Protein chains: 2
Amino acid sequence: MEKFAELSGVSRPTVSKYFNDPASVRQSTRARIEEALERYEYTPNIYAINQNRRLTKTIGVVVPYLADPYFAEIARNIETRCIDAGFSPSLFSSHGRQGLEIEILATLRSMKPAGVLLAPLGRSSNYAVVEQFCRDVPTVLFDSNIDNVGNIFVGSDNPQFTSLMVEYLCRTGEPPLFLEMEAPPNPNARKRHAGYVAAMERLGHTPRAVQIPGEGWALEEVGHLGGIELIEKEDLRGKTVLCSNDRLAIGVLAACYQKNLRVGISTNSDLRVAGLDGHPFSSFTCPPLTTVTHDYEAISERTVEELFRLMERDSPQGDREEKLFEGKLLMRESA
Amino acid sequence: MEKFAELSGVSRPTVSKYFNDPASVRQSTRARIEEALERYEYTPNIYAINQNRRLTKTIGVVVPYLADPYFAEIARNIETRCIDAGFSPSLFSSHGRQGLEIEILATLRSMKPAGVLLAPLGRSSNYAVVEQFCRDVPTVLFDSNIDNVGNIFVGSDNPQFTSLMVEYLCRTGEPPLFLEMEAPPNPNARKRHAGYVAAMERLGHTPRAVQIPGEGWALEEVGHLGGIELIEKEDLRGKTVLCSNDRLAIGVLAACYQKNLRVGISTNSDLRVAGLDGHPFSSFTCPPLTTVTHDYEAISERTVEELFRLMERDSPQGDREEKLFEGKLLMRESA
DNA sequence: ACAAAAAATTTGCGCGCGTAAAATTTCAGG
DNA sequence: CCTGAAATTTTACGCGCGCAAATTTTTTGT
């Protein structure tokens with residue numbers, strides 16, 4: 001950079017200024033630098049830059065499980081927005097492991113990121129670690145809320161999801177039973193459960209939640225095995241099964257197929273199956289899955305937006321905020 | 001670090017050595033450092049480290065489209081291996097865009113990574129850029145091969161995939177027609193096509209490949225629309241459809257369902273549908289998808305292994321190597 | 001037990017840049 | 001044309017560390 005500054009005929013700090021904000025130098029010097037830039041090609045060393053800057057231009061993005069299409073889609077969306085805003089997103093997946101999440105937060109901390117978008121593991125997050133992290137680094141929590149942690153949470157209104165679906169299902173047929181994992185990796189499951197119970201009671205029905213065994217993120221498999229087991233134990237014909245999420249539902253659809261049960265709303269079907277999430281591939285199941293979808297665009301937009309707002313005001317002021325987005329019912333053929 | 005070294009009673013460079021490799025200092029000094037570490041908590045500044053090291057401990061991982069479950073799965077696998085080997089993987093997705101891939105490679109270049117695992121866009125990669133990158137940075141290409149670029153490629157033997165499947169399909173029923181995209185985002189499609197034609201001819205059948213319109217990475221949708229169109233144009237009953245990949249097949253399954261065609265090997269089915277890839281969710285389709293699966297474990301293991309080998313020998317020596325893994329037939333119910 | 005070799009540690013140096021303060025240039029107003 | 005404030009550029013310094021060479025300590029061979 002020293003040499004490059006010489007070649008362009010200005011001092012090194014001026015060149016430094018230029019790279020931080022080309023508009024901060026006089027038009028004439030800017031022209032000189034840009035001209036030299038074309039002739040000598042030079043790229044500032046990001047490590048030297050980041051070492052000296054108090055805050056970098058990096059934005060950390062952490063999701064609990066990147067091989068889940070829902071998070072893959074959200075991450076893709078968020079990444080694009082960060083890039084467009086002139087930041088360099090740095091993507092991490094906790095792979096469902098608490099230890100990794102802690103490590104990632106430590107790494108992130110040392111990266112001095114301008115901000116972090118964190119979808120925590122939730123139930124299996126280390127509360128104290130996440131809490132302290134949010135206190136030190138401008139962080140927007142998304143997808144999974146953790147009570148009283150961080151300044152802001154952006155996500156979906158999970159009870160509303162279930163409520164919406166329950167109302168629809170009750171209006172159009174048999175009240176649903178609720179299928180969920182015994183130990184769901186994602187804490188939203190709890191809220192969906194609560195939403196289910198509330199909605200059923202509001203409508204004058206008796207809620208019935210079925211817990212199926214299994215843990216981890218292989219949700220389709222859990223749904224499949226649990227579905228098989230349920231079908232063998234109980235005649236599901238005429239009934240309606242609302243799954244805690246689309247991936248479980250996909251597994252249940254597979255189980256129904258295997259057990260020769262026709263799923264759908266048509267008169268010659270045996271039962272209805274519905275999911276929650278608006279999984280990217282949910283419209284290609286057989287039959288296409290009726291579900292409540294997140295507003296992916298809105299959530300990722302708002303998440304990024306709120307982070308930028310948080311980054312600007314350096315004071316960790318004010319009340320904790322929660323921005324919840326409602327889901328939209330996708331009526332398809334499975335229920 | 002200066003202060004910390006004082007507190008632990010050794011010189012700063014010794015502490016530096018300790019952090020680079022705890023085994024490189026004497027047992028007694030190591031104990032002193034670790035003791036001090038517990039009392040004063042100190043983390044080296046990664047930026048300062050990376051600025052001064054000629055090569056960092058970073059390993060770049062680039063995939064063309066992270067929201068594709070296949071890449072998500074591979075990336076997850078690879079990341080884990082890198083972490084276990086003591087490196088910090090840095091994950092990037094090109095999101096299917098050439099411009100982004102170029103940017104990512106530029107970023108990566110400035111990150112001085114110890115090595116890079118690159119699954120290029122393929123057809124729409126900028127040949128010159130990728131080629132030069134592989135020349136400058138130890139890089140293992142995977143998934144998509146680019147002729148004569150880089151020192152090594154690790155991937156699947158695509159012609160063998162198709163060949164294996166065609167043989168199976170011909171042995172057990174009607175010879176398949178081949179369904180593929182007009183403009184597939186992934187170059188492996190070409191090899192699968194070639195493998196299909198070769199296998200069919202070898203078996204004495206007339207190959208027939210059907211190109212369906214569409215581009216980009218929304219493969220299920222492309223398969224779905226293309227499937228619908230095909231079904232409307234032609235009676236598929238009694239036939240066998242081999243799709244260029246599982247995601248297309250999932251779309252085709254949806255199309256069949258919608259058009260009231262029963263897919264499967266059972267006698268009361270209308271047609272058979274098969275895919276290629278061993279998509280993570282392919283066993284949960286209705287019916288479960290018959291496919292040829294990549295050896296995910298072996299590929300990711302080998303990919304990482306070869307990178308480490310490449311990193312050790314600094315000379316960019318020798319012939320270009322290609323490590324191809326055979327696929328395994330997964331006989332399920334769809335074909 | 002002693003010299004030579006090997007291993008570990010320390011000294012000295014510089015990496016490439018941001019940033020505050022000082023020096024310079026530019027520009028408006030009279 | 002001159003003065004002073006504002007905008008811009010330069011000077012001076014230090015960030016936190018890796019690395020090579022020099023020094024010290026430990027190990028090895030006889």
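Bear in mind the structure is a predicted one, so any value in this text is a computation, not a measurement. Both backbone and side-chain heavy atoms feed into the values below; hydrogens, waters and symmetry mates do not. Naming convention: chains lettered A, B, ... in sequence-line order (proteins, then strands); numbering from 1 in each chain.
One can place NZ of B:K17 at 12 Å from C1' of D:dA20, the figure rounded to the nearest angstrom. Taking atom CD of B:Q51 as the reference point, atom P of D:dC17 lies 11 Å away to the nearest angstrom. One atom, CD1 of A:I49, and another, P of D:dC17, lie 19 Å apart when rounded to the nearest Å. In this structure, the NZ atom of B:K112 is 11 Å from the P atom of D:dG18, given to the nearest Å. A:Y47 places its OH atom 17 Å from the C1' atom of D:dC15, with the value rounded to the nearest Å. The nearest whole Å value for the distance from the CG atom in B:N52 to the C1' atom in D:dG14 is 14 Å. Between the C1' atom of C:dA7 and the CG atom of B:D21 lies a distance of 14 Å, rounded to the nearest Å. Atom CG of A:N45 is separated from atom C1' of C:dG16 by 6 Å (rounded to the nearest Å).
There is no side-chain donor-acceptor pair under 3.5 Å between A:Y127 and A:D147.
Nucleic acid contact for B:Y42: sugar-phosphate only, since backbone atoms but no base atoms lie under 4.0 Å from a heavy atom of the residue. Among the heavy atoms of the strands, none lies under 4.0 Å from A:F4. Note on A:N20: only backbone sugar-phosphate atoms sit closer than 4.0 angstrom, heavy atoms only; bases stay farther off.
Contact between the side-chain N/O atoms of A:T14 and the OP1/OP2 oxygens of D:dT10 is found at a separation under 4.0 Å.
Distances from the side chain of A:V10 to the nucleotides D:dT10, D:dG18, C:dG18 place D:dT10 closest. Across C:dT11, C:dT19, C:dT9, the shortest atom-to-atom separation from the side chain of B:P13 is found for C:dT11. The listed nucleotides are D:dC15, D:dT10, C:dT9; the one nearest the side chain of B:V25 is C:dT9. Each of C:dT25, D:dG16, C:dT10 was ranked by its minimum atom distance to the side chain of B:A48; first place goes to D:dG16. When each of C:dG18, D:dG18, C:dA8 is scored by its nearest atom to the side-chain atoms of B:R26, the top-ranked nucleotide is C:dA8. Between D:dT10, C:dG18, D:dT9, one nucleotide has an atom nearer to the side chain of A:T29 than all others, and that is D:dT9. For B:R53, whose side chain is taken as the heavy atoms from C-beta onward, the closest listed nucleotide among D:dC17, D:dT10, D:dC19 is D:dC19.
Map A:R12 and B:S28 each onto its nearest nucleotide of DNA chain C; the residue landing nearer the 5' end is B:S28. Take the nearest nucleotide of DNA chain D for A:G9 and for B:R54: the residue whose nucleotide is more 5' is A:G9.
Residues A:L310 and A:V140 have side chains in contact (heavy-atom distance under 4.5 Å, counting atoms from C-beta outward).
Salt-bridge annotation for B:R309 and B:E312: absent, with no side-chain N of the basic residue lying under 4.0 Å from a carboxylate O of the acidic one. For the pair B:R30 and B:E35, the salt-bridge criterion is not met [side-chain N within less than 4.0 Å of a carboxylate O].
At most 12 heavy atoms of other shown residues, nucleotides or ligands fall within 6.0 angstrom of atom CG in B:N148.
If you take NZ on B:K17 and OG on B:S11, they are separated by 10.5 Å, rounding to the nearest 0.5 Å.
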